[in-house]
**Student:** 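My questions all concern the structure below.
The sequence lines fix the lettering, A, B, ..., with proteins before strands; numbering per chain opens at 1.
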2 protein chains.
Amino acid sequence: MSQQRSGGEAGLSTRNGAGPDFPDLPDATVARLPEYLRSLHQMLEAGQDTTSSEGLAAAAGVNSAKLRKDLSHLGSYGTRGVGYDITRLVEQIEHVLGLTIHRGVALVGLGNLGHALAGYAGFASRGFEIVALFDADPARVGEMVHGLAVRHIDQLAVTVTQERIAIGVIATPARAAQSVADQLVAAGVTSILNFAPCVLSVPEGVDVRKVDLAVELQILSFHEHRKANGNGQANGVARGSAARPGEVAA
Amino acid sequence: MSQQRSGGEAGLSTRNGAGPDFPDLPDATVARLPEYLRSLHQMLEAGQDTTSSEGLAAAAGVNSAKLRKDLSHLGSYGTRGVGYDITRLVEQIEHVLGLTIHRGVALVGLGNLGHALAGYAGFASRGFEIVALFDADPARVGEMVHGLAVRHIDQLAVTVTQERIAIGVIATPARAAQSVADQLVAAGVTSILNFAPCVLSVPEGVDVRKVDLAVELQILSFHEHRKANGNGQANGVARGSAARPGEVAA
DNA sequence: CTCTGTGAACTTGTTCACAGCG
DNA sequence: CGCTGTGAACAAGTTCACAGAG
């Protein structure tokens, strides 16, 4: 697993017992499906209605064998000699990712980053709706942010339970994050996206994904360092990256 | 591999030819070093000066064998029967990651996210300084954001070259990202952190890391979907995540 | 004859388990 | 004797290369 890649615990992903609708996907595959989906939507907008593994792979920045293997895990939705029907593939991926269900998200912490996340168009366009905002600072409570009023963190339990929110986003300072996570979990949240630079511990059955902006820069720094010192043929693009192979433009 | 996982091309990382100072680290190890570093700093602040692999592993959310293997790639900086000297380990990791050198960063795109990034304290505290802001919108040019004036994107080449900026952050809409990347590369930038939801193509020798906020939610959605349908023992925490193993609280 | 789907080879990453240093 | 450092076993992920469907 990418950013980041890569890191994190074993990533058991998902064990078997799967019906036809819930194939048992490798973690690495799950992490790439959203990227395929994005490329497919782009193609639809461009008026395309069919694509080859080669074409979609190029658009998503992976190689075609990998793409075919990923898609084959969903079942066979391609036609040999022709390619994939884009609409059908989109439906299939959205179904597997559970994007056909509308998902409400609670956002905790309305500092700089929280404000940006609250207004991030990319969430809404992908079927996620931020339905509640929380902050511990009384000065921020009541403030309207992108059409939603900020509530005090004390309201978290009630709201999350009432609105059956299953996904929480933590954008608080690190020192507050564990406590917020505990409250989210207690209220019934089972998936957390954590932007605070700290490790959260949560009960089994709760998924946490972490995005640490500074970590990404530090990884780039490592590669810079190596390039600068001319050692090895440093050039690697890892976890979640997107360089196409062998292009030399500039 | 995995958050990134992590997606992306082969991830050659770094080939050999390494001197003692530039060990050839596996990508997965590089991705974890920043997390170790953060935990170590936290321990220093708490007044600790020594830690065991077990202790640091717990703090960083990995298992201790992995941690020891990761650190062993840097050379032997532990004492058997005792543990690691925190200060020494911090120095070593910072050196390997190239954090001893001050790195200026250019940020392009000052929408919601760009504003948040410009003010993100986590960058500065990790040795990265945002030294220039760019936007294409004339209405935003000249605006002061966290002490820096926004310049027009036309100034990018000059500024990046003059200030010898090696790292660029793209926080523009997707449609502008490729053009911005091209300009960054042309001006000499060799590492790019891309927040735009699109694949960038860059020449060999340039590293790109991608952070896509919506992708993270979609991955969580997949696990939600499986949990809701009770299929398999869904619970996996992948790329860049941070749940401790086997804790059952709440 | 083209392009998918997939076994098999290979590479990378993780975990185990223990030798041996301090 | 505790804890690091590491070979060896294992697991996951990637790539190759080709059979065979359309």
**Student:** Let me know the distance between CG of Leu33(B) and C1' of dG13(C), rounded to the nearest Å.
**Tutor:** 15 Å
**Student:** Going by side chain to side chain donor-acceptor pair (under 3.5 Å), name the pairs with one or both residues in residues 75-86 of chain B, residues two or more places apart or in two chains.
**Tutor:** Tyr77(B)-Gln92(B)
**Student:** Over how many whole Å does the gap from Arg32(B) atom CZ to dT12(C) atom P extend?
**Tutor:** 15 Å
**Student:** For Ala174(B), give me all partners under side chain to side chain contact (heavy atoms under 4.5 Å, CB included), at least two apart in sequence or on another chain.
**Tutor:** Pro197(B), Cys198(B)
**Student:** Glu224(B): what forms a side-chain hydrogen bond (donor to acceptor under 3.5 Å, both in side chains) with it, not counting sequence neighbours?
**Tutor:** Thr190(A), Ser191(A)
**Student:** Strictly under 4.0 angstrom, non-hydrogen atoms only: write out the protein contact profile of nucleotides 3-10 of chain C, one letter per nucleotide from the 5' end, B, S or -.
**Tutor:** BBBBBB--
**Student:** Could you identify which residues of residues 36-45 of chain B place a heavy atom less than 4.0 Å from some atom of DNA chain C, listed by residue number, or say none?
**Tutor:** none
**Student:** Measure from NZ on Lys66(B) to C1' on dA17(C) and round the result to the nearest Å.
**Tutor:** 18 Å
**Student:** Please state how far atom CG in Leu25(B) lies from atom P in dG13(C), giving the value in whole angstrom units.
**Tutor:** 11 Å
**Student:** Between the axis at one end of the helix from dC1(C)-dG22(D) to dG22(C)-dC1(D) and the axis at the other (five pairs apiece), what's the angle to 10 degrees?
**Tutor:** 10°
**Student:** Once salt bridge (Lys or Arg N to Asp or Glu O under 4.0 Å) is applied, do any residues pair with Arg38(A), and if so which ones, sequence neighbours excluded?
**Tutor:** Glu35(A)
**Student:** From CG of Asp85(B) over to P of dG22(C), roughly how many Å is that when rounded to an integer?
**Tutor:** 16 Å
**Student:** Please name all residues satisfying ring-ring contact (aromatic ring centres under 6.0 Å, His included) with Tyr36(B), sequence neighbours left out, ordered by chain then number.
**Tutor:** none
**Student:** Would you find a donor on one side and an acceptor on the other, under 3.5 Å apart, between the side chain of His225(A) and the backbone of Val96(B)?
**Tutor:** yes
**Student:** Can you name the residues that form a side-chain hydrogen bond (donor to acceptor under 3.5 Å, both in side chains) with Ser39(A), not counting sequence neighbours?
**Tutor:** none
**Student:** Considering residues at least two apart in sequence or located in another chain, which fulfil the side chain to side chain contact (heavy atoms under 4.5 Å, CB included) criterion with Gln48(B)?
**Tutor:** Met43(B), Thr51(B), Ile86(B)
**Student:** Without decimals, in angstroms, what is the distance between Leu67(A) CG and dT15(D) C1'?
**Tutor:** 14 Å
**Student:** Find the distance between CD1 (Ile93(B)) and CD (Gln218(A)) and round it off to the nearest 0.5 Å.
**Tutor:** 10.0 Å
**Student:** Over how many whole Å does the gap from Asp70(A) atom CG to dT14(D) atom P extend?
**Tutor:** 7 Å
**Student:** Holding to side-chain hydrogen bond (donor to acceptor under 3.5 Å, both in side chains), I want the full list of residues that pass it with Thr29(B), two or more places apart in sequence or in another chain.
**Tutor:** Asp70(B)
**Student:** Listed by chain and number, what are the side-chain hydrogen bond (donor to acceptor under 3.5 Å, both in side chains) partners of Ser221(A), not counting sequence neighbours?
**Tutor:** Arg103(B)
